[in-house]
Every structure is written in C-alpha cells, then in structure tokens.
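Take a look at the structure below.
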Amino acid sequence: QVQLVESGGGLVQAGGSLRLSCVASGRTFSEDAMGWFRQAPGKEREFVATIGSRGGYKYYADSVKGRFTISRDNAKNSVYLQMNSLTPDDTAVYYCNGVILGNYIPKYGSWGQGTQVTVSP
C-alpha cells in the first residue's frame, strides 16, 4: 500500500495562512495526479484540489478557488497546499491522495493520518 504522510496543519485565526505538505512513498508518484481532500466533523470527506502528474493541470473545489494553491515536487515525492484567507469553514482534517481526474475521487486504497487545520473566528 502507498504510504502518505501529511503535515503542516495547525490553529490559525480567520484570514490567516497555512502550508500543508504531503510525502508519498510506495508508488510511482511522478505518474499520478495528486490532490487534497478534507473531512470536517460530521461531514463526508470532500475533494479540495488536484494537480496533474507534471504539475501543468490544477483544479480546485469552488469553496477554495482563489484562496488555495496546490503544487508538487516530484523529485521529493511531495505535494503541497498553500492555504490563504482561511475561514472557520476550512476547519477539517486534511488528507492527500492520488486523484482520478475524471471525477476527482481518491485513487489509492489507503490514507495517511491527515493533518488537522483549525481556523478560529
């Protein structure tokens, strides 16, 4: 199974910023589109953002478009999420995964531990 390790979460005030990181192993990382998902308490896990295998394609959920930026470094098997203008609605555990671009669903069967993002009013 692929191994995914997310980091960079924390507690910030509304309007603040965070940069999340994800390191993947056990897969041919450079061949896969990658992305971020999040799950808030009592909610289903939802798609946040994706980036193509070469970094030339990016797509964001409407809720984060214009505020979040996804990037990747294939040499480091890493994907990042720069999160700006955070609001309490962004509070969730954030996970990375491979992404099936046709419908923006997770590709890998296993998830990492995720990283908690908490945005206070």
Side-chain angles (χ1 to χ4, degrees):
Q1 295 291 309
V2 65
Q3 296 184 41
L4 302 162
V5 180
E6 300 94 342
S7 62
L11 173 64
V12 298
Q13 292 183 321
S17 298
L18 286 171
R19 182 176 181 267
L20 307 184
S21 298
C22 169
V23 180
S25 62
R27 286 271 182 166
T28 53
F29 180 86
S30 64
E31 298 179 359
D32 291 342
M34 297 293 295
W36 290 90
F37 302 79
R38 66 186 182 185
Q39 186 169 26
K43 301 286 188 178
E44 296 290 326
R45 183 179 281 119
E46 65 177 356
F47 167 79
V48 175
T50 190
I51 183 168
S53 61
R54 296 172 59 188
Y57 173 79
K58 298 177 182 179
Y59 181 76
Y60 302 89
D62 288 343
S63 59
V64 308
K65 193 173 301 181
R67 300 187 297 119
F68 292 7
T69 303
I70 190 169
S71 61
R72 68 189 296 160
D73 185 341
N74 287 349
K76 297 181 178 179
N77 286 355
S78 298
V79 61
Y80 310 96
L81 187 69
Q82 178 65 47
M83 310 164 67
N84 299 326
S85 302
L86 287 162
T87 77
D89 287 341
D90 296 315
T91 295
V93 178
Y94 284 70
Y95 304 87
C96 64
N97 210 303
V99 173
I100 299 174
L101 292 180
N103 49 15
Y104 306 105
I105 62 174
K107 182 177 182 179
Y108 308 147
S110 61
W111 296 87
Q113 82 290 164
T115 185
Q116 176 71 51
V117 172
T118 303
V119 185
S120 64

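Looking only at atom types and distance, the side chain of Ser17 has a donor-acceptor partner in the side chain of Asn84 under 3.5 Å away. If you check the side chains of Tyr108 and Asp32, you find a donor sitting under 3.5 Å from an acceptor.
A 4.5 Å side-chain heavy-atom check between Leu101 and Thr50 finds at least one atom pair inside the cut-off.
Atom-to-atom distance recorded for Asn97:CG and Met34:CE is 6.5 Å, nearest 0.5 angstrom. Distance OH/Tyr95 to CH2/Trp111: 8.5 Å, rounded to 0.5 Å.
For Lys58, the side-chain contact (heavy atoms from CB on, under 4.5 Å) test picks out Ile51, Tyr60, Thr69, Ile70, with sequence neighbours left out. A search for side-chain hydrogen bond (donor to acceptor under 3.5 Å, both in side chains) contacts involving Arg19 returns nothing, not counting sequence neighbours.
For residues 30-121, every residue pair satisfying the disulfide bond (SG atoms under 2.5 Å apart) rule, not counting sequence neighbours, is listed here: Cys22-Cys96.
Around NZ of Lys43, the count of heavy atoms belonging to other residues, nucleotides or ligands within 6.0 Å does not exceed 12.
Between the side chain of Ser78 and the main chain of Lys76, a donor-acceptor pair closer than 3.5 Å is present. Within the 3.5 Å criterion, the main-chain N or O of Arg67 finds no donor-acceptor partner in the side chain of Ser85. Between the side chain of Arg45 and the backbone N or O of Gln39, no donor-acceptor pair lies under 3.5 Å. Between the side chain of Asn74 and the backbone N or O of Phe29 there is no donor-acceptor pair closer than 3.5 Å. A donor-acceptor contact shorter than 3.5 Å links the side chain of Thr91 to the backbone of Val119. In this structure, the side chain of Ser53 does not engage the main chain of Ala33 through any donor-acceptor pair within 3.5 Å.
Partner of Val117 under the side-chain contact (heavy atoms from CB on, under 4.5 Å) criterion, chosen from Leu81, Leu20, Leu11, Val93: Leu20. Shown are Glu46, Glu6, Glu44; of these, the salt bridge (charged side-chain N to carboxylate O under 4.0 Å, His left out) with Arg38 is made only by Glu46.
Between Trp36 and Tyr94, the distance from one ring center to the other does not fall under 6.0 angstrom.
In the hydrophobic cluster analysis, where Ile, Leu, Val, Met, Phe, Trp and Tyr join through side-chain heavy atoms closer than 4.5 angstrom, Phe37 is grouped together with Tyr57. Hydrophobic clustering of Ile, Leu, Val, Met, Phe, Trp and Tyr side chains at less than 4.5 Å, counting indirect connections, keeps Tyr59 apart from Val64. Hydrophobic clustering of Ile, Leu, Val, Met, Phe, Trp and Tyr side chains at less than 4.5 Å, counting indirect connections, unites Val79 with Val48.
Across all non-hydrogen atoms, the minimal contact from Leu18 to Gly8 is CD2-O, 3.8 Å.
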